[in-house]
Amino acid sequence: MHESDYDLPEPLRRELRREVDFGPSVRARVMRAVRLEAAAPTRRGWLSPLVATALAAGLVMGVVGSQLAPSGWPAGAGLALHRDSVLTVAIRDTLALVRFSLIAPRAARVELVGDFNAWRTGATRLERNAQSGEWAAQIALAPGRHRYAFVVDDTQWVADPTAPAALAPNGRPASRVVVPNQD
Amino acid sequence: MPLSDAALVHQVRGGNTEAFGLLVDRHSARLSRYALHLLGNRADAEEAVQEALVRAFRSLARYEEREQFGAWLLRILVNRCRTLASRRRDFEPLEAASLVWHPGEDPVEALSVREELGHALSQLSPEHREAIALRFGEDLSFAQMATVTGAGIPALKMRVRRACDRLRALLEESRARV
């Protein structure tokens, strides 16, 4: 068979390749459906905690002692740093400033709850970067282990999928960050 | 730098449902194009794309990262289109506003080619339409087509060749009638 047996004239190929945009209606319907799926109790926890921990641990280990660690920070000291979601940015006295972030471009509000604010909504709101869809906040934390989670639009409880897994006091999935002692 | 598909999948698996919206934004144009070629009208194409994306969300735990996320999505859509093609309505031209135009293009001429193509595609068998849309619309290699369709490469080469022959013949018939 000749190669041209498999070919079509260019005007036809151009139309076959032309992009199609159905507008926002499909996206809106899909997101409405997946939010309902996610909110249904039977759909919760469809990734096993073991897998979630393994994924998060792999990512965290990849950056311990890397260029993301603050200068003077002991490499490999068990600091739970993360490229995207939790990054310790500075140390002031005995506290460390930790940056928490979540990609949620369609959210109207994102809050951080954790051991450090008694898991109260309304205590720590994240600020939105309109361009990237990232929500972020910096919190001063004492050395030790802190559990946390995000609350999106007052209704959706979200553990940080890129950090080590933990359990919130209410039994829901959470994440943890470890701020080491400075010695 | 934008997050990779794999990173967004991690976010969704961890409970961040909104991150799935970014995957929808990233892949829906390609999925829409394929569904439109297969089903011939906007209503069915929208339905197929929507169902494929929701099924992908439900099946995300089974997605394995060694496969490209876009190819995995396309495989789900191909199956949905096969189901919907059995109750497919006739070809209906798409309004120009739903097509992406490039500078310097003549929309009148392009719409004419597109309508002619759409009518011809609607007369092909679903199998031949699928071969044309994957090979020329999605620009897949025969190996990639084999992954998406489950058919062997020799069979796909034959299918594409016969689909091209049939499509050319249909277009010539259509032009001869004008």
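These figures come from a predicted structure and were not determined experimentally. What's counted below: heavy atoms across the whole structure, side chains too, no hydrogens, waters or symmetry copies.
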If I take atom [atom1] from residue [X] and atom [atom2] from residue [Y], how far apart are they, to the nearest 0.5 angstrom?
X: B:Leu36; Y: A:Phe22; atom1: CG; atom2: CZ; answer: 5.0 Å
X: B:Ile132; Y: A:Leu16; atom1: CD1; atom2: CG; answer: 7.0 Å
X: A:Leu102; Y: B:Asn16; atom1: CG; atom2: CG; answer: 4.5 Å
X: B:Arg135; Y: A:Asp7; atom1: CZ; atom2: CG; answer: 8.5 Å
X: A:Arg106; Y: B:Thr17; atom1: CZ; atom2: OG1; answer: 14.5 Å
X: B:Arg168; Y: A:Leu12; atom1: CZ; atom2: CG; answer: 9.5 Å

(message) Count I, L, V, M, F, W, Y as connected when their side-chain heavy atoms are under 4.5 Å apart, and connections chain through other members. Are A:Phe116 and A:Leu167 then in the same cluster?
(response)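 In one cluster with A:Phe116: A:Leu167, no.
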(message) Taking atom CD as the centre, does A:Glu19 end up with more than 12 heavy-atom neighbours from other residues, nucleotides or ligands that are less than 6.0 angstrom away?
(response) no
(message) With a sphere of 6.0 Å drawn around CD of A:Glu10, does it hold more than 12 non-hydrogen atoms of other residues, nucleotides or ligands?
(response) yes
(request) State plainly whether the residues A:Arg29 and B:Glu46 are in salt-bridge range, i.e. N to O under 4.0 Å. (result)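 B:Glu46 and A:Arg29: salt-bridged.
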(request) Decide yes or no for A:Arg18 and B:Glu105: does some side-chain heavy atom of the first lie under 4.5 Å from some side-chain heavy atom of the second? (result) yes
(message) With heavy-atom distances below 4.5 Å as the criterion, would you say the side chains of B:Val100 and A:Val20 are in contact?
(response) no
(message) To check you understand the geometry: which heavy-atom pair defines the closest contact between A:Gln156 and B:Gly15, and what is its length?
(response)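 Smallest heavy-atom distance, with atoms named: NE2-O, 3.1 Å.
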(message) Can you give me the closest heavy-atom contact between A:Ala33 and B:Val54, atom names plus distance?
(response) CB-CG2, 3.7 Å
(message) Treating B:Arg33 as the side-chain partner and A:Arg17 as the backbone partner, does any N or O pair qualify as donor plus acceptor under 3.5 Å?
(response)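 Yes: the side chain of B:Arg33 pairs with the backbone of A:Arg17.
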(message) Test your reading of the model: is there a side-chain donor-acceptor pair from A:Glu15 to the backbone of B:Ser112, 3.5 Å cut-off?
(response) no
(request) Name the option with the most non-hydrogen atom pairs under 4.5 Å to chain B; the candidates are A:Asp21, A:Val152, A:Val34, A:Val26. (result)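 Maximum pair count with chain B is reached by A:Val34.
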(message) Under 4.5 Å from any heavy atom of chain A, what part of B:Ala45 do you find: side chain, backbone, both or neither?
(response) both
(message) Only heavy atoms, only distances under 4.5 angstrom. Which residues in residues 18-29 of chain B are near chain A?
(response)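 Listed by number: B:Glu18, B:Phe20, B:Gly21, B:Leu22, B:Val24, B:Asp25, B:Ala29.
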(request) Can you tell which part of A:Ser25 gets under 4.5 Å to a heavy atom of chain B, answering side chain, backbone, both or neither? (result) side chain
